[in-house]
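All ligand and atom numbering here is 1-based and tracks the order in the structure. Quick caveat: nothing in here was measured; it's all calculated off a predicted structure.
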Amino acid sequence: MPANDLLGDPEALREAMAERGHLLFRELIDPETALAARHEVLLKYAILGEIDDRYPLDDAVAGDSEGVRSANVRAFSESVRTGANYLAVTDAPEVIAVHEALLSGPVKSFDMRWPRFVRPGEGCGFHCDGPYMNRGTSRIFSSWIPLGDVVRSDGALMLLENSHRSERLHNGYLQSDADRDGLTWLDDDPSTVLDKYGTKWLTTDFKAGDVLCFGMHMLHGALDNASTTGRCRLSSDSRYQRIDEPADPRWNGSKFEGHGGSRVFYPGLGSWNNDDFQDEWKNVDEHGRIQVAPS
Ligand SMILES: O=C(O)CCC(=O)C(=O)O
């Protein structure tokens, strides 16, 4: 159920977030802003052969990815994350305003942002964001933002209803630190996760301009992109906290640490149950070239 009717009423937004653990806003940002970011990101992926531009670029039809092995993906990843049109989405005034209402004060987006290019056959294992983001304040919200339309079968984000109240998650998992404790995905089977931690899977067909906001205790993930037309899924996750609270050094600062070592955010190209964060973070050599063999 969209929460657009609560916009402009910070207290109602905070109450609804506490109750539901998430808020969906339809067309919170101008769809053209999301589509401009989509185009900017796809143009960059096309340079690596990740997009087959014999089709219209914005259709995002997967290419042969041949350019990835020789590319400096460290530079590539930074270029995608810092693109002006992409930042216009994560830091759109409407998005900032929602987080300011939720956190009752001025906020900043994390310096790290997570634009996602998800090829057919790829998804994201189930997890909560807390253990990955909790070295500064715990008062953080994530926003998942489709860059273009993302229908369910493309692997739209799924949230597990009521999981933010799961005692099982609160007794251990949510107190852990993903890096220090070497976390992998909780599970990649949605029915197992449902039985253990929640009541019902929630998802929808998202349109350009929609924003899904959720807290650090909400269990979520994405089924594999099942596009039958080779269409890649483009979306973004970004995180927001108050400017006057401590920030997690993994994701904030002029040279943030990330997951350490020489890992670069380049999701997909294999599946490792996120062992050593490899589903999303790839080890690179001194030239920024990917070092892990796709499995
Ligand atoms: O979009 C996805 O595949 C996963 C996003 C996610 O897990 C997140 O926002 O934390």
Working for side-chain hydrogen bond (donor to acceptor under 3.5 Å, both in side chains), residues Arg14 and Ser104: CA-CA 9 Å; Arg14 288 193 290 274; Ser104 310; 3.2 Å; yes
Carefully, step by step, assess Trp281 and Phe265 under the rule ring pair (Phe, Tyr, Trp, His ring centres under 6.0 Å). CA-CA 5 Å; Trp281 293 82; Phe265 183 67; 5.3 Å; yes
Just the distances, no angles: every ligand 1 N or O to protein N or O pair closer than 3.5 Å, one line each.
{"from": "ligand 1", "atom 1": "1 (O)", "to": "Trp144", "atom 2": "NE1", "distance (Å)": "2.8"}
{"from": "ligand 1", "atom 1": "1 (O)", "to": "Arg233", "atom 2": "NH1", "distance (Å)": "2.7"}
{"from": "ligand 1", "atom 1": "3 (O)", "to": "Arg233", "atom 2": "NH1", "distance (Å)": "3.2"}
{"from": "ligand 1", "atom 1": "3 (O)", "to": "Arg233", "atom 2": "NH2", "distance (Å)": "2.8"}
{"from": "ligand 1", "atom 1": "7 (O)", "to": "His127", "atom 2": "NE2", "distance (Å)": "3.1"}
{"from": "ligand 1", "atom 1": "7 (O)", "to": "His220", "atom 2": "NE2", "distance (Å)": "3.3"}
{"from": "ligand 1", "atom 1": "9 (O)", "to": "Asp237", "atom 2": "OD2", "distance (Å)": "3.2"}
{"from": "ligand 1", "atom 1": "9 (O)", "to": "Arg239", "atom 2": "NH2", "distance (Å)": "3.3"}
{"from": "ligand 1", "atom 1": "10 (O)", "to": "His127", "atom 2": "NE2", "distance (Å)": "3.4"}
{"from": "ligand 1", "atom 1": "10 (O)", "to": "Asp129", "atom 2": "OD1", "distance (Å)": "3.0"}
{"from": "ligand 1", "atom 1": "10 (O)", "to": "Asp129", "atom 2": "OD2", "distance (Å)": "3.4"}
{"from": "ligand 1", "atom 1": "10 (O)", "to": "His220", "atom 2": "NE2", "distance (Å)": "2.8"}
{"from": "ligand 1", "atom 1": "10 (O)", "to": "Arg239", "atom 2": "NH2", "distance (Å)": "2.7"}

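Other residues, nucleotides and ligands place more than 12 heavy atoms under 6.0 Å from the CZ atom of Arg26.
Between Phe126 and Trp201, the ring center distance clears the sub-6.0 Å criterion.
Residue pairs meeting the salt bridge (Lys or Arg N to Asp or Glu O under 4.0 Å) criterion with at least one partner in residues 81-102, sequence neighbours excluded, are Asp91-Arg113.
Between Leu202 and the options His220, Met158, His22, Met1, a side chain to side chain contact (heavy atoms under 4.5 Å, CB included) holds for only His22.
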